[in-house]
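One-based numbering along the sequence shown.
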Amino acid sequence: MIIVPEAKIGNLIGRDESYKAVEQVFAAMASGDAYNFPVIREAIGHEDALYGFKGGFDKVGQSLGLKAGGYWPHNFEKRDMINHQSTVFLFDPDTGKARAMVGGNLLTALRTAAASSVSINHLARKDAKVIGMVGAGHQATFQLRAALEQRSFEKVIGWNLHPEMLPNLAKVAEEAGLPFEAVELSGLRDADVIVTITSSFEPSLMSEHVSDGTHVACMGTDTIGKQEVEAALITRATVFTDEVAQAVTLGESQHAISQGVKNQSDIHQIGAVINGTHSGRTSDDELTLFDGTGVGLQDLAVASAVVDLAVAAGVAIEVDF
Ligand code: NAD
């Protein structure tokens with residue numbers, strides 16, 4: 001069995017490899033060659049932790065396995081460790097033998113940023129110049145770095161409930177040589193692409209804050225009850241997602257579906273756009289929205305890529321298991 005420790009991941013995989021792995025697995029999901037297993041997520045009654053498993057099988061990429069982990073809210077204050085903790089386990093699809101154990105913390109951020117990037121690449125207007133961010137926490141910096149590579153953006157604007165966190169975005173913009181401006185939510189009307197990545201349970205971004213022709217990637221809502229954008233925005237947009245079943249139950253679309261203002265049949269897999277079986281954006285005025293719920297197959301895809309890269313670089317730790 002191969003082990004790739006968390007500390008080694010950053011030197012092995014970057015945004016390009018993560019993008020390719022996630023785009024490939026979204027395509028495989030839409031063509032029926034990859035599927036996710038039902039998600040388990042439990043409050044374990046210890047340390048207020050939420051723990052669970054996300055797994056699946058991708059016949060094209062030959063990745064089988066699961067990500068185990070969750071959220072330990074007191075890690076940072078008590079132990080100076082990050083609150084999200086996860087590990088990916090891969091199995092040989094021919095034999096069932098354990099193939100690899102891979103640190104999943106950085107990979108989670110990379111695969112989540114890759115998902116919104118895939119949506120921007122396939123759905124945003126080619127002439128997009130202004131990117132707007134809603135959220136300025138840990139994931140937001142990964143989201144912004146990856147998104148900036150998808151179009152020739154000229155400016156970053158951002159809003160966050162906690163404005164003291166906005167320098168996190170300004171720093172990424174500065175690294176990319178772009179100006180950053182903190183705006184009110186109404187200022188996001190100037191954005192051609194908007195990424196939302198907060199842990200909110202109430203909508204911040206209203207339909208009136210978004211101009212026609214924008215592409216919105218909603219990346220924060222991955223749990224029942226969370227919400228970042230007004231249901232009216234979902235109603236107004238052409239909606240794409242990683243997995244429809246997750247979008248309508250625990251993704252951003254859950255509210256519009258439960259309020260009866262969007263039909264499940266009007267939510268499309270992003271993989272269909274990648275495969276060319278859905279035309280995606282059809283006009284410059286169309287508002288497109290990606291509901292990125294986060295699926296186990298994304299984790300397996302980037303973990304498989306890391307294992308291959310670790311073997312190629314001669315840094316994979318092999319144990320007899
Ligand atoms: P973080 O704690 O570092 O940042 C949280 C962000 O949410 C901050 O910008 C904060 O100001 C904002 N926020 C908090 N409460 C808010 C409220 N009530 N209204 C509006 N904004 C609020 O968290 P993070 O690691 O950046 O994760 C952000 C979200 O992304 C979490 O909800 C996490 O579960 C989700 N996530 C989704 C995926 C996916 O695949 N879709 C993957 C990883 C994380």
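The main-chain N or O of His74 is never found under 3.5 Å from a side-chain atom of Glu77 such that the two would form a donor-acceptor pair. At distances below 3.5 Å, at least one donor-acceptor pair connects side-chain atoms of Thr241 with backbone N or O atoms of Asp291. A distance-only check finds no donor-acceptor pair linking the side chain of Asp222 to the backbone of Thr293 [under 3.5 Å]. Judged purely by atom type and a 3.5 angstrom limit, Gln259 has no side-chain atom pairing as donor or acceptor with the backbone of Ala231.
Checked against a 6.0 Å centroid threshold, the rings of His278 and Phe240 count as neighbours.
Taken together through direct or relayed side-chain contacts under 4.5 Å among Ile, Leu, Val, Met, Phe, Trp and Tyr, Leu185 and Ile131 form parts of separate hydrophobic clusters. Under the 4.5 Å side-chain heavy-atom criterion for Ile, Leu, Val, Met, Phe, Trp and Tyr, Val210 and Leu161 are members of the same hydrophobic cluster.
Under the 3.5 Å distance criterion, with hydrogens and angles disregarded, no donor-acceptor pair is assigned to the side chains of Arg111 and Ser18. Judged by distance alone, the side chains of Asp33 and Ser31 do bring a donor and an acceptor atom under 3.5 Å apart. Judged purely by distance below 3.5 Å, without hydrogens or angles, the side chains of Asn121 and Glu149 never pair a donor atom with an acceptor atom.
The pair Arg236-Asp285 does not meet the salt-bridge criterion, since no charged nitrogen lies less than 4.0 angstrom from a carboxylate oxygen. The pair Arg145-Glu175 meets the salt-bridge criterion, since a charged nitrogen lies less than 4.0 angstrom from a carboxylate oxygen.
For the ring pair (Phe, Tyr, Trp, His ring centres under 6.0 Å) test, residues two or more places apart in sequence or in another chain that qualify with Tyr51 are Phe53. Phe91 pairs by the side chain to side chain contact (heavy atoms under 4.5 Å, CB included) definition with Leu64, Phe89, Ala98, not counting sequence neighbours. Here Thr282 pairs with Glu286 under the side-chain hydrogen bond (donor to acceptor under 3.5 Å, both in side chains) rule; sequence neighbours left out. By the side chain to side chain contact (heavy atoms under 4.5 Å, CB included) test, Met206 is found to be paired with Pro203, Glu208, His209, Glu230, residues two or more places apart in sequence or in another chain being considered.
A salt bridge (charged side-chain N to carboxylate O under 4.0 Å, His left out) with Arg99 holds for exactly one of Asp92, Asp308, Asp94; it is Asp308.
Residue pairs that meet the salt bridge (charged side-chain N to carboxylate O under 4.0 Å, His left out) test with at least one member in residues 123-142, sequence neighbours left out, are Arg125-Asp127, Arg125-Asp192. For the salt bridge (charged side-chain N to carboxylate O under 4.0 Å, His left out) condition, no pair includes a residue of residues 262-284, sequence neighbours left out.
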